[in-house]
2 protein chains.
Amino acid sequence: MTAVAHGAPNDRARPAGEPRWLDAEEQKAWRAWLYSAQLVLDRLDRELTHETGISHAYYEILVALSETPGRMLRMSELADRCLSSRSRLSHAVSRLEERGWVRRQVCAEDGRGQLAVLTDDGFEALEAAAPVHVESVRTHLFDQLSPEQVEAMRDLGETLLRHLAAR
Amino acid sequence: MTAVAHGAPNDRARPAGEPRWLDAEEQKAWRAWLYSAQLVLDRLDRELTHETGISHAYYEILVALSETPGRMLRMSELADRCLSSRSRLSHAVSRLEERGWVRRQVCAEDGRGQLAVLTDDGFEALEAAAPVHVESVRTHLFDQLSPEQVEAMRDLGETLLRHLAAR
DNA sequence: GCAGCCTAGTTGATGGCTCAATCATTCCGC
DNA sequence: GCGGAATGATTGAGCCATCAACTAGGCTGC
């Protein structure tokens, strides 16, 4: 599953010098992180999808809108908050419009812009899904972790974000 | 982005009692974990895909095969190791066959079973991709973390896995 | 006031993933 | 050994994400 799996540094010339292979301990840490992240994300998405019909990606859109005054956001701002590309968001909002949970509205200040607005039906759908989601997060994350581990999770996450959010 | 976003416990009756909403600190820890996991996974996949033409999912298949004596595995065993459904793996192996990196072979002991076998071309493709992948993992993960954080990452991952791997 | 560039957002083609249905083979009880 | 259940794997339909191309509106300098 990982870069160094087939062993010791080999002798191929690399554009950027010798690869910095992982040692056995790093390997274990990396795989534990990778597997756990994949499994938890997958599990949260599946439980939410199967019990409410809303995928985690769509849920994030509804939440982002609900947290905003007026329950509306510019498409690009919404995309950023959902870690989504604009194209992906545009498609997703179209599907949410079909369900009647979001509607589009042209932006008054900028004729190019669009506002995505959460409808009352959308808010209700979100309210119905939220307890399911929080229960999954509790079950697969917080219930498994000591307070120290929760703190470590936050520290780790924030450290990684500091690097990646900067682009 | 999260379950408790729209605030305090409300009064809707829930099948399983009052939702166990996250408090502000839990909220921060949860979002830090979620965003960082999504961003890191996304980044690793994009860098690998763009620089080598192999997605992370396909890369995992090649690695799993390469680590095995004879460089072959039963389809279902391979699926388990890649955290993949059988259907997904079957589709993926078909694509890898088209590239000439894997071939299928009926299993001698069980006529229903199939073996996925890594070809020499497949092994070469993996060797070419591995340095790119390990560099991404270093850049976005290990280079950002102290030894204590790496240890915490491993501890956290293993704890979550213990719960999820058990199903 | 318009030419050229930039920004916001959408669209459609392509490929991957999920789910349910299906096929082939093996296992099991008798 | 034979009928039925279980197992291993594949298939196809439908949905979602990605990428590149495109539309439309705004901005800037002259």
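All values derive from a computational prediction rather than experimental measurement. All heavy atoms count here, side chains included; hydrogens, waters and symmetry mates do not.
Axis deviation across the helix from C/dG1-D/dC30 to C/dC30-D/dG1 amounts to 20°, comparing end segments of five pairs, rounded to 10 degrees.
Among residues two or more places apart in sequence or in another chain, the salt bridge (Lys or Arg N to Asp or Glu O under 4.0 Å) test is passed with B/Asp80 by none. A/Arg138 is linked by a side chain to side chain donor-acceptor pair (under 3.5 Å) to B/Glu26, counting only residues two or more places apart in sequence or in another chain. Judged as a side chain to side chain donor-acceptor pair (under 3.5 Å), and not counting sequence neighbours, A/Thr52 has no contacts. For A/Gln105, the side chain to side chain donor-acceptor pair (under 3.5 Å) criterion is met by A/Arg103, not counting sequence neighbours. Listed by chain and number, the residues in a salt bridge (Lys or Arg N to Asp or Glu O under 4.0 Å) with A/Glu77 are A/Arg81 (sequence neighbours excluded). Here A/Glu51 pairs with nothing under the salt bridge (Lys or Arg N to Asp or Glu O under 4.0 Å) rule; sequence neighbours left out.
Summarising the hydrophobic clusters (Ile, Leu, Val, Met, Phe, Trp, Tyr; side-chain heavy atoms under 4.5 Å, direct or chained), the residues clustered with A/Leu115 are A/Met72, A/Val117.
D/dG25 atom P lies 17 Å from atom CE of A/Met75, rounded to whole Å. Put simply, CZ on B/Arg86 is 11 Å from P on D/dT10, counting in whole angstrom units. In this structure, B/His56 atom NE2 and D/dT18 atom P are separated by 16 Å, rounded to whole Å. Between the CD atom of B/Glu97 and the C1' atom of D/dA9 there is a distance of 13 Å, given to the nearest Å. At whole-Å resolution of the value, CD1 in A/Ile61 and P in D/dC16 are 11 Å apart. As a whole-Å value, the separation of A/Asp80 CG from C/dG9 C1' is 13 Å. Here D/dC19 presents its C1' atom at 14 Å from CG of B/Asp45, a figure rounded to the nearest Å.
Pairs of residues two or more places apart, or lying in two chains, that qualify as salt bridge (Lys or Arg N to Asp or Glu O under 4.0 Å) and include a residue from residues 111-126 of chain A are A/Asp110-A/Arg112.
No donor-acceptor contact under 3.5 angstrom links the side chains of A/Thr159 and B/Gln144, judged on distance only.
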B/S/- contact track for nucleotides 15-20 of chain C, protein heavy atom under 4.0 Å:
-SSBB-
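Counting only distance, with no hydrogens or angles, the side chain of A/Thr119 and the backbone of A/Gly100 share a donor-acceptor pair below 3.5 Å.
Contacts between residues 102-116 of chain A and DNA chain C, counted as heavy-atom distances below 4.0 Å, involve A/Arg104, A/Arg112, A/Gly113, A/Gln114.
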Between side-chain atoms of residues 87-96 of chain B and protein atoms elsewhere (two or more places apart, or another chain), which donor-acceptor pairs fall under 3.5 Å?
from, atom 1, to, atom 2, distance (Å)
B/Ser94, OG, B/Ser90, O, 3.0
B/Ser94, OG, B/Arg104, NH2, 2.5

